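As the structure is a computational prediction, the values presented were derived from the model and not from experiment.
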Protein chains: 2
Amino acid sequence: MFDAAPTPISRKLRAAIEDEIVAGALLPGERLDETALAARFAVSRTPVREALNQLATSGLVEIRPRRGAIVASLTPERLYEMFEVMAELEAMAGRLAARRVSAAEIEALADAHAACGANRDDSDRYYAANETFHQAIYAASGNAFLAEQCRALQRRLRPYRRLQLRVRGRLATSFAEHEAIVAAIRTGEGEQVAELLRAHIRVQGERFSDLVAGLARLGAA
Amino acid sequence: MFDAAPTPISRKLRAAIEDEIVAGALLPGERLDETALAARFAVSRTPVREALNQLATSGLVEIRPRRGAIVASLTPERLYEMFEVMAELEAMAGRLAARRVSAAEIEALADAHAACGANRDDSDRYYAANETFHQAIYAASGNAFLAEQCRALQRRLRPYRRLQLRVRGRLATSFAEHEAIVAAIRTGEGEQVAELLRAHIRVQGERFSDLVAGLARLGAA
DNA sequence: GTCAATCATCATGTATACAAGATTGATGTT
DNA sequence: AACATCAATCTTGTATACATGATGATTGAC
């Protein structure tokens with residue numbers, strides 16, 4: 001009754017391919033053959049092309065005219081840049097959240113934080129809970145556009161984050177940082193929240209780009 | 001020799017339609033008929049659809065399944081949110097620029113500022129020079145991804161900025177603010193630059209959303 | 001034996017054809 | 001006269017056909 005969900009095939013395809021990229025089933029640099037994808041999903045090339053075009057616009061795939069589409073691969077420099085921006089956007093969301101957060105939102109945030117704590121021994125589940133936690137901050141910022149930008153970047157960076165999920169001790173550190181962030185949001189210390197989040201994200205960016213710099217030597221396209 | 005520029009038709013179309021939207025030739029809410037566009041550009045519907053899809057992903061047009069595409073229209077709230085994010089991204093670019101700017105880049109910035117000064121009596125030309133000025137800051141941030149995000153947002157907000165180009169006294173105020181920004185970048189006062197840019201952008205956002213709130217009463221869809 | 005050029009094959013880009021849902025106008029009813 | 005229902009038309013979504021440029025293999029020359 002609400003959304004009849006006509007959901008054109010191309011939308012479903014976009015979501016499906018995006019999921020595979022983000023989940024790491026399709027690796028950076030990998031070729032995305034239109035005909036093959038069309039066959040695999042049992043549709044014609046037309047909706048496949050539409051899906052690839054959309055993914056290209058959002059940056060997940062790269063289309064080289066007349067030479068086909070590949071899963072976009074980020075250089076370590078670019079990855080670092082993206083984390084630098086992500087850190088700032090998160091900091092902004094946190095600063096706004098400290099000012100604008102509602103009672104319901106801070107409850108959701110606390111719940112998400114608790115979920116992280118409950119999954120401190122399973123890095124995959126912690127990672128999922130961690131995303132929810134950060135999205136709770138975006139939502140509490142009261143700026144829907146900012147929240148969208150944050151989620152989009154979070155999503156684009158996900159395949160790279162997964163690479164270093166299991167770094168020793170990172171989970172405990174992350175959880176402790178979350179703790180401080182929640183506390184500062186509760187007390188409305190905007191600048192403090194911003195600074196905590198900036199550090200929280202940036203440290204990942206630095207580690208990830210180190211990691212990817214190493215990986216790049218292997219799978220260089 | 002560099003780019004053989006095969007430039008598929010769909011890319012040219014995307015650029016053409018995007019330009020018309022950004023320039024204000026196509027107004028928010030206006031219907032984008034695929035057949036009509038195809039006829040106008042003397043191509044088939046296929047590349048038109050690809051172009052519209054890309055524009056939808058970047059947010060300039062809205063595609064309602066089975067119901068066609070329209071030029072995306074932003075609510076005053078959303079517009080305010082976008083300016084809020086823009087202000088923060090610009091502030092970030094400025095802060096980084098104050099730390100990282102090269103001699104050549106500060107020269108380019110000074111030139112762009114001078115160009116603004118030379119066009120202080122022509123709001124259209126001032127506006128163009130103003131964009132160049134801000135892009136010089138993005139470039140000087142040393143973060144290419146950030147620069148891209150800023151340019152994308154600048155572009156998306158352009159049609160709304162044009163609405164109030166001629167507000168009395170704004171040009172002179174803007175130019176004076178630029179002056180202070182350049183000075184602070186020269187002396188490397190990152191936080192000062194950030195604060196100046198935040199205010200410089202935000203004041204526009206507030207004005208624009210007021211303006212659009214007024215307009216919304218007329219052309220409500 | 002190696003390298004280069006040419007040709008065959010294949011994937012992409014565009015056009016056209018077909019299917020299906022949405023919009024609009026007309027017609028009939030209350 | 002106003003409203004609802006139904007049909008005709010139009011537009012979008014998908015499939016298929018065709019054109020063109022890229023890739024790669026084969027053949028010939030050095």
> List the residues meeting side-chain contact (heavy atoms from CB on, under 4.5 Å) with A:Arg40, not counting sequence neighbours, and say none if there are none.
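Counting only residues at least two positions away or on another chain, A:Arg40 forms a side-chain contact (heavy atoms from CB on, under 4.5 Å) with A:Glu20, A:Leu37.
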
> Can you give me the N/O atom pairs linking the protein to nucleotides 8-10 of chain C at distances under 3.5 Å, or say none if there are none?
none

> Send over the distance from B:Glu34 CD to C:dA15 P, rounded to a whole Å.
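Answer to the nearest Å: 14 Å.
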
> Are any side-chain N or O atoms of B:Glu81 and backbone N or O atoms of A:Ala144, one a donor and one an acceptor, separated by less than 3.5 Å?
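The answer is yes, because a donor-acceptor pair under 3.5 Å joins these two groups.
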
> Can you find a side chain N or O atom of A:Arg67 that sits less than 4.0 Å from OP1 or OP2 on D:dT23?
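Yes, such a contact exists.
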
> A:Val43 has a side chain; which of D:dA15, C:dA22, C:dA11 sits nearest to it?
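From the listed options, D:dA15 comes nearest.
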
> Need one value for B:Arg11: base, sugar-phosphate or nothing, where a base atom within 4.0 Å counts as base even if backbone is also close, heavy atoms only.
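Answer is nothing: B:Arg11 stays at 4.0 Å or more from every strand.
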
> In whole angstrom, what separates B:Leu32's CG from D:dT11's C1'?
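It works out to 14 Å between those atoms.
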
> Distance-only, no hydrogens or angles: does the B:Tyr160 side chain make a donor-acceptor pair with backbone N or O of B:Leu74 under 3.5 Å?
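Yes, the answer is positive, given that a donor and an acceptor are paired below the 3.5 Å cut-off.
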
> What is the separation between atom CG on B:Leu37 and atom C1' on C:dT14, rounded to the nearest whole Å?
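Those two atoms, CG and C1', are 16 Å apart.
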
> B:Ile63 has an atom CD1; how far is it from atom P of C:dA22, in whole Å?
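One finds 16 Å between P of C:dA22 and CD1 of B:Ile63, rounded.
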
> Let me know the distance between CG of A:Leu13 and P of D:dA15, rounded to the nearest Å.
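The distance from CG of A:Leu13 to P of D:dA15 comes to 9 Å, rounded to the nearest Å.
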
> Partners of B:Gln135 by side chain to side chain donor-acceptor pair (under 3.5 Å), sequence neighbours excluded?
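Testing B:Gln135 for side chain to side chain donor-acceptor pair (under 3.5 Å), a comparison that skips the adjacent residues, returns B:Gln154.
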
> Distance check needed: C:dA11 P versus A:Leu52 CG, whole Å only.
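Those two atoms, CG and P, are 15 Å apart.
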
> Are any side-chain N or O atoms of B:Asn143 and backbone N or O atoms of B:Leu146, one a donor and one an acceptor, separated by less than 3.5 Å?
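Answer holds: yes.
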
> Tell me every residue that passes ring-ring contact (aromatic ring centres under 6.0 Å, His included) with B:Phe133, counting only those two or more places apart in sequence or in another chain.
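For B:Phe133 the ring-ring contact (aromatic ring centres under 6.0 Å, His included) partners, ignoring immediate neighbours, are B:His113, B:His178.
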
> Grab the CG-C1' distance between A:Asn53 and D:dT14 for me, whole Å please.
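So the CG-C1' distance, A:Asn53 to D:dT14, works out to 16 Å.
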
> Considering just the side-chain nitrogens and oxygens of A:Arg49, establish if one lies under 4.0 Å of OP1 or OP2 belonging to C:dT12.
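For A:Arg49, the contact criterion (side-chain N or O under 4.0 Å from OP1 or OP2 of C:dT12) is not met.
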
> Give each protein N/O atom lying under 3.5 Å from an N/O atom of nucleotides 16-19 of chain C, with the pair distance.
unit_1, atom_1, unit_2, atom_2, d
C:dT16, O4, B:Thr46, OG1, 3.4

> Could you check how far CZ of B:Arg64 sits from P of C:dA22, rounded to whole Å?
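Going from B:Arg64 (CZ) to C:dA22 (P), I get 12 Å.
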
> Please step through salt bridge (Lys or Arg N to Asp or Glu O under 4.0 Å) for the pair B:Glu34 and B:Arg49, ending with a clear verdict.
CA-CA 7 Å; B:Glu34 294 176 4; B:Arg49 282 180 63 82; 2.8 Å; yes

> From C-beta outward on B:Arg31, which listed nucleotide comes closest to its side chain: D:dT14, D:dT11, C:dA15?
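For the B:Arg31 side chain, the nearest candidate turns out to be D:dT11.
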
> Under the rule for side-chain contact (heavy atoms from CB on, under 4.5 Å), what residues qualify as partners of A:Glu30, not counting sequence neighbours?
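Partners of A:Glu30 under the side-chain contact (heavy atoms from CB on, under 4.5 Å) test: A:Leu26, A:Leu27, A:Val71.
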
> Nearest 0.5 Å please: distance from the CD atom of A:Glu131 over to the OH atom of A:Tyr138.
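Result: 8.0 Å between the selected atoms.
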
